[in-house]
Q: 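This structure is in structure tokens; I'll ask about it shortly.
No experiment lies behind these values; they were computed from the predicted model shown. For ligands, and for the atoms within them, numbers begin at 1 and follow the listed sequence. The first residue in the sequence is number 1, and the count goes up from there.
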Amino acid sequence: MSRLPFTLEKQSPGSKARAATFRTLHGDVQTPVFMPVGTQATVKSQTVETLKATGSSVLLANTYHLLLRPGPEVFKKFGGIHNFMRWDRPVLTDSGGFQIFSLPSERSMNEEGARFKSYVDGTPYLLSPESSIAMQRAIGSDIMMVLDQCIPSTAPYAEAEAAMALTHRWAVRSLAARGESPQALFGIVQGACHHDLRKKSAAFLRELPFDGLAIGGLAVGETHAERYEFTGLVTDHLPENLPRYLMGVGTPIDILEAVHRGVDMFDCIIPSQLAQRGVAFTSHGKMQLRRVAYKFSEAPLDARCDCHCCQNYSRAYLHHLVKSDEMLSWHLLGIHNMAFYHRLMREMRASILRGDFLAYYAQRRPELMKSDEDNPVTHPKKTRLGRPRILGDYDIVTSEQGFSSIRQISSGEVMHSVSRPSDEAQKLYVEQSALAGRLLKADGESAAQEFVIWDVGLGAASNAMAAIACFETQYAEKTALLLRPVRLISFECDLDPLRLAAKFPGHFPHLRHGAPHALLEKGRWQHASGLLTWELLKGDFLTFIETAAAPDLVFYDPFSSKTDSALWTPDAFAQLQARCVGKPAELYTYSAATAVRVALLSAGFFVGEGVGTGPKATTTVAFTDARAARVHPLAPRLLGADWLARWRRSSSKFPVNLLEDERAAFERRIEEHPQFRAETS
Ligand SMILES: [Zn+2]
């Protein structure tokens, strides 16, 4: 006896797209279907009535959040989530695994399950296959998910294999824990981006008495091409007579592509999350309602949409609500985005039933791709597996935590060795420099001055791409009129690290963007708005200092002084300081070495402590001008008398190449630096 009677109604010719119906404890579900995400037993900003009006037939709820608050006792008291939130249609619950494995720390994992502390009140929990099912039984969902171990889709083979094997053992335990419950249970195919693991996982799970199977571990780091490829590979190995669910996907175009590859069910926070940010999917492409272009528009959001929002309100009103941060904008755009998704699903289903899905697919594909019109993203070509990960003097190393970095073979030095390169770039360079705010014009400024960023040591472009991402976020959220023009200049003598990383975008997700490829080909890239240009100066950084446009901001990230000694000398910093006369600039670097700080001080910089990154407790920031340090939004602490006292005792008190007879003068420059005088006076 099936807990989820399933009827495959039609498979479209020329495509794997299929239409089906399955019966749950709370009614039928017709596929392909999109499930809005109701994290806390509510789809954010919506009521049960608006959800039904837009065509929602099944919701997803998050076991992890509901376990912590309100907790299982409340669900038991109410007889389950349906009565609690007054939703009488089907509900699917996830296992909580995804949230647990996304927690940065504070959890430990073993065969039994994952132990963690509640973010609500610090209570310790064990999330095991059994406790997850127990909670999902208390919630009373129609479809439960097994606990799986989620890892990045880019994880190396051995790690992916171990996670898959554990997921399989947990799948068996989850089935046992379900017992006599009438609730349906789905298994989850894992295996990251490894063909044979995905096949193995599907083959293992299809032999177990599951009511449906999900594809897990995609949409977490792989390229679009990889996602499509692995979705198609897995559905080829799933049984025909069970629903197939692609977890956490996605944008409208992602869903269209996955339906074409044989997937039936989807969930994603995107329609609600983008509504909150003032973004709507429309038949004209993705629209940013914040843009001033809509200020006077009497047109409906989407003339081809019959939703409550489009039938009643103008773009001008929605623009106003978004600009005023009114919660009604979230509600109304949420209604529209939900209606857009559900209409897409209904149209796909109708075309499958008519037998002409392929024609629909061909027509909709370019329309749904329009979403990226203002912000082009290229999809790098799929690289063959097993290609040697070496180019010139560089190779790719993958850390125990699963992130990849570029290593110089001759020196053994790893770029961003201590933490995920994109995290370090974000924290150390973008956040610490308060870049987002500085891309905005000052109040009342009309023709703003160009903001110049020097990216010294392009490497695999982590820092440059973090700066570009910061700009693109500002561009998406603010109007172009508010932004200053930005000139990003990268200095690099060897492009092999970037060329190598660009060949393996699965390992370097920040390179899934047109910009680094354009930089490699043409030495230059420009954002579609024309507001940001990125250029490459190839060669020795020191030879460019005099001629490159003077910087406002310097990301100083060359190899260390052992490998690249010329870039860390007092002379190099003195040249840089001289270039910045007349325009204050600041410099951020990962090094906290006394030799580096003292070299900066001797060159006249005002030097302070930077934020820590990974295991490194501190880094270094430097200002050409004392005023710049004082007005900096994050108020960095300049080195003071305590540091000076430590320096006096330091064994590496002087730069390595300093001659004996220059020492006294050098020492005087440091002792008399106004930075230390200011503190004592
Ligand atoms: Zn609408």
Q: Would you call the rings of Y119 and H65 parallel, tilted or perpendicular, where under 30° means parallel and over 60° means perpendicular?
A: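 Perpendicular: the ring planes of Y119 and H65 meet at over 60°.
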Q: Report yes if some heavy atom in the side chain of V29 is under 4.5 Å from a heavy atom in the side chain of M265; otherwise report no.
A: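 The answer is no, as the side chains (C-beta and beyond) never meet within the 4.5 Å cut-off.
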Q: What is the number of protein N/O/S atoms located under 2.8 Å from the Zn ion (ligand 1)?
A: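 Protein N, O or S neighbours of the Zn ion (ligand 1) under 2.8 Å, waters not counted, come to 4.
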Q: In terms of relative ring orientation, are H513 and W525 parallel, tilted or perpendicular, with 30° and 60° separating the classes?
A: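 If you compare the ring of H513 with that of W525, the planes turn out perpendicular.
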Q: May I ask you to check whether Y245 and D267 show a side-chain donor-acceptor distance below 3.5 Å?
A: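 Yes, because at least one side-chain N or O of Y245 sits under 3.5 Å from a partner of the opposite role on D267.
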Q: Return yes when atom CD of E298 has more than 12 non-hydrogen atoms of other residues, nucleotides or ligands closer than 6.0 Å, and no otherwise.
A: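 Atom CD in E298 is not crowded, with 12 or fewer foreign heavy atoms closer than 6.0 Å.
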Q: Does a sphere of radius 6.0 Å around NZ in K52 hold more than 12 heavy atoms from other residues, nucleotides or ligands, not counting ones at 6.0 Å or beyond?
A: yes
